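Working notes, structure below.
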Amino acid sequence: FLVFLIPSFFNDFIKLHRLGFIMIYNIKSLAIYFFVIWSMVQSHPFHATITSFNCNPNNQSVEITIKLFTNDLENALKKSGGSDLRIDSESTRTTIDSLIFDYIKNNLSLSFNDKRGKILWVGKEFENDITWSYLEIKNIKNIPGKKISIKNKLFLEIFDDQLNICHFYCGEKPETLMFHKENYYG
């Protein structure tokens with residue numbers, strides 16, 4: 001009777017050992033998945049802005065909408081001389097618009113027939129981790145007939161992989177330009 005029990009005991013022990021190994025493997029896998037997901041949530045690996053230029057011939061203006069990652073904007077403002085700030089906090093509410101506008105004015109320009117347009121601040125809004133900035137250039141006559149040039153250096157001083165995508169809706173067909181560290185003018 002004891003001879004039959006010993007092989008069964010070892011088989012059960014091996015099964016338990018395998019089960020323990022599988023549990024440890026699953027726990028390690030779960031920890032790795034958690035770490036990867038956590039690190040993805042903490043930072044976004046893709047650095048980009050999206051800017052739309054909508055020409056409005058009736059108003060003789062260009063409406064500008066910029067989609068920015070809020071944490072990238074905070075980093076850029078800190079690097080350009082701002083203190084350690086949070087864009088969406090109540091304590092910076094009165095000064096943040098002018099800080100954002102100054103940063104954008106210094107890094108984004110639109111020229112018509114080689115004459116730089118004066119960018120005006122319209123406002124901003126927050127959507128999760130995105131900051132939408134709204135600007136306008138007024139008094140631009142005969143927009144479709146003008147040579148339009150853009151300089152977009154947003155966040156290029158921070159990220160080597162920064163990509164600034166610009167959509168132009170100023171004619172019959174939309175155009176898209178992409179700017180990066182080596183090419184920020186077009």
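Every value quoted in this text rests on a predicted model; they were computed, and no experiment measured them.
Residue Glu74 holds its CD atom at 11.5 Å from CG of Leu99, rounded to the nearest 0.5 Å. Separating the CD1 atom in Ile104 from the CG atom in Leu135 is a distance of 5.0 Å, to the nearest 0.5 Å. How far CG of Asp129 is from CG of Leu68: 11.5 Å, rounded to the nearest 0.5 Å. The CD atom of Glu63 sits 11.0 Å away from atom OG of Ser52, with the distance rounded to the nearest 0.5 Å. Between the CE atom of Met178 and the CG atom of Asn152 there is a distance of 12.5 Å, given to the nearest 0.5 Å. With rounding to the nearest 0.5 Å, the separation of CD1 in Ile150 from OG in Ser109 is 7.5 Å.
Residue Glu175 places its CD atom among 12 or fewer non-hydrogen atoms of other residues, nucleotides or ligands, all under 6.0 Å distant. The neighbour count for Lys151 NZ, taken as heavy atoms of other residues, nucleotides or ligands under 6.0 Å away, is above 12.
Remark: the Thr131 side chain and the Thr70 side chain contain an N/O donor-acceptor pair separated by less than 3.5 Å. Between the side chains of Glu125 and Tyr134, at least one donor N or O lies within less than 3.5 Å of an accepting N or O.
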Could you go through the side-chain contact (heavy atoms from CB on, under 4.5 Å) check for Lys153 and Asn106 one step at a time?
-> CA-CA 9 Å; Lys153 294 172 63 175; Asn106 291 330; over 6 Å; no

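For Ser111 against Arg116, the heavy-atom pair with the smallest separation is OG-CA, 3.6 Å. A pairwise comparison of heavy atoms in Lys141 and Gln60 identifies CG-OE1, 3.5 Å as the closest pair. When all heavy atoms of Glu136 and Ser61 are compared, the closest pair comes out as OE2-OG, 3.4 Å. Closest non-hydrogen pair, Ile100 versus Ser133, comes out as CG2-OG, 3.9 Å.
At a threshold of 4.5 Å between non-hydrogen side-chain atoms, the residues Asp72 and Ile158 do not count as touching. Contact check for Leu154 versus Ile66: side-chain heavy atoms found under the 4.5 Å cut-off. The shortest side-chain heavy-atom distance between Leu110 and Phe168 falls under the 4.5 Å cut-off.
In the hydrophobic cluster analysis, where Ile, Leu, Val, Met, Phe, Trp and Tyr join through side-chain heavy atoms closer than 4.5 angstrom, Ile148 is grouped apart from Tyr169. Hydrophobic clustering (ILVMFWY, side-chain heavy atoms < 4.5 Å, transitive): Tyr184 and Phe53 are in distinct clusters. Both Ile130 and Val122 belong to a single network of hydrophobic side chains, linked directly or stepwise wherever heavy atoms of I, L, V, M, F, W or Y lie under 4.5 Å apart. With hydrophobic clusters built from ILVMFWY side chains whose heavy atoms lie under 4.5 angstrom apart, Phe126 shares a cluster with Leu77.
In this structure, Asn164 contributes its side chain and Phe179 its backbone to no donor-acceptor pair below 3.5 Å. Within the 3.5 Å criterion, the main-chain N or O of Phe155 finds a donor-acceptor partner in the side chain of Tyr103. One N or O on the side chain of Lys181 and one on the backbone of Leu156 form a donor-acceptor pair closer than 3.5 Å. For Asp161 (side chain) and Leu163 (main-chain N/O), no donor-acceptor pair under 3.5 Å exists by modelled atom type. Looking only at distances, a side-chain donor or acceptor of Asn56 sits under 3.5 Å from a matching main-chain atom of Asn58.
In this pair, Trp121 and Phe101 present their aromatic rings tilted. The plane angle is within the 30 to 60° band.
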